[in-house]
Amino acid sequence: MMNEILKPETLNIPTPSDFSFEECLAHLMRSEQETVHQVTDHSIYKAIKIDDDEPILFIIDWKPDALHVRFPFTTPSAKQKEQTASFIIEWFDLTTDLNGFYELAKHDPILSPIVQNHYGLRIMGIPNLFEALTWAIIGQQINLTFAYTLKKRLVEKYGDFVEYEGKKFYTFPSFEMVASLTTDDLRALQFSTRKAEYIIGIAQLMQGGKLDKDLLFKLETFEQKHLYLTTIRGIGPWTADYVLMKSLQESSAFPISDVGLHNALKKQLNLDRKPTMDELKELAEKWTGWQAYATFYLWRSL
DNA sequence: GACCAGGATATAG
DNA sequence: CTATATCATGGT
């Protein structure tokens, strides 16, 4: 049909009934310095690479009950459409059934009000494993504002981009690119020497085929994945949990030492101090299987 | 001007 | 094994 040909390439991705696009948007808009996506007037703009090709830009809008995806810049192949769809499904964690978590939260005085305020929020992931690892390492022990500054410098210097309507849309730097850098290259962006070593080391590990998502997926248990990650230099318990939560969709991942988590609990429990490790463990017992969602909602409460 | 940031490691005791 | 210094710099 004629208008079938003229119709721009689009993609429709159904969303669950308890999905809140606005809550997810609020998460994506939390930093002015974000460089790997942009939100304008309730539309999300993002560029990704598929098969190491040129970046593909897509725009996501939401209308009940689906995400509508446009490709303004390219006419995507069937494969590109398919990969974009899988990326978005992972990004918004659309396959997780949240009923278990919401049921649990009803009986939890800490989570209950947060879930009410942010109902429909899903864990916004970082499907790209190298990006998740790098972002976690950047965020170690520094405030989020500075972390975003460092990420912005890295992305704008070593990422690729496409231009659309006068704006640049960056993809996160590839591990191949970062594997070829020296620590001085990252020191120039004000990374600490240690973090530069960690990030380049991980990039080289990935380039050598010794670390990727498939490899982690093949490990049977959560503990095995966690152990595999923490044997890598620069990846401690917090980073492993953060990455398992944001990139591997492990709902049991629990960055228990996270400062933001501590501050959120301090606020919710009206404490004049941060919770102790014993208190954290006791609270989290009720969250078994949903620690990642409990953490993500607590972060949101800050 | 301390002190803390979405920690991890190297080194010392 | 546990304790402590170190990292780089922005925000408070």
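Letters A, B, ... mirror the listed sequences (proteins, then strands); counts begin at 1. Because only heavy atoms are used, hydrogens play no part in the values below, and waters and symmetry mates are left out as well, while side chains stay in.
The environment of CD in A/Glu176 is crowded: more than 12 heavy-atom neighbours from other residues, nucleotides or ligands sit within 6.0 Å.
Using a 3.5 Å distance cut-off with no hydrogens or angles, the side chains of A/Tyr148 and A/Arg30 do pair a donor with an acceptor.
Across all strands, A/Ile235 comes closer than 4.0 Å only to sugar-phosphate atoms, never to a base (heavy-atom distances). A/Pro237 comes within contact range of the sugar-phosphate backbone alone, with a heavy-atom separation under 4.0 Å but no base atom that close.
For the pair A/Asp258 CG and B/dC4 P, the computed distance is 17 Å after rounding to whole Å. Atom CE in A/Met277 sits roughly 12 Å away from atom P in B/dG7 (whole-Å rounding). Between the CZ atom of A/Arg233 and the C1' atom of C/dC7 there is a distance of 12 Å, given to the nearest Å. Rounded to an integer number of Å, the gap from A/Ile232 CD1 to B/dG7 C1' is 16 Å. Atom pair A/Leu133:CG and B/dG7:P shows a separation of 16 Å (rounding to whole Å applied). Per the geometry, CD1 belonging to A/Ile256 stands 13 Å off P belonging to B/dA8, to the nearest Å. What separates NZ of A/Lys195 from P of B/dA10 is a distance of 15 Å, to the nearest Å. Here B/dA8 presents its C1' atom at 13 Å from NE2 of A/His226, a figure rounded to the nearest Å.
Across A/Pro173 and A/Leu154, no two heavy atoms sit closer than the pair CG-O, 3.6 Å.
For the atom pair CG (A/Asp65) and CZ (A/Phe21), the distance works out to 13.0 Å, reported to the nearest 0.5 Å.
At a non-hydrogen distance threshold of 4.0 Å, A/Gly139, A/Gln140, A/Gln141, A/Ile142, A/Asn143, A/Leu144 from residues 137-158 of chain A come into contact with DNA chain B.
A/Glu23 and A/Arg300 are joined by a salt bridge, as a carboxylate oxygen and a charged side-chain nitrogen come within less than 4.0 angstrom of each other.
Legend: side chain to side chain donor-acceptor pair (under 3.5 Å) pairs involving residues 203-215 of chain A, not counting sequence neighbours, sorted by first then second residue: A/Glu90-A/Lys213.
Side-chain proximity of A/Gln190 to C/dC7, C/dT9, B/dA8: nearest is C/dT9.
Chaining together hydrophobic side chains whose heavy atoms lie under 4.5 Å apart places A/Tyr164 alongside A/Tyr45, A/Leu57, A/Ile59, A/Phe73, A/Val162, A/Phe169.
Taking atom P on both C/dT2 and B/dA5, the two are 24 Å apart, rounded to the nearest angstrom.
Annotation: side chain to side chain contact (heavy atoms under 4.5 Å, CB included) contacts of A/Phe222 (sequence neighbours excluded): A/His226, A/Asp241, A/Leu244, A/Glu250, A/Ala253. Partners of A/Phe71 by ring-ring contact (aromatic ring centres under 6.0 Å, His included), not counting sequence neighbours: none found.
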What protein N or O atoms touch nucleotides 3-5 of chain C N or O atoms at under 3.5 angstrom, if any, and at what distances?
none

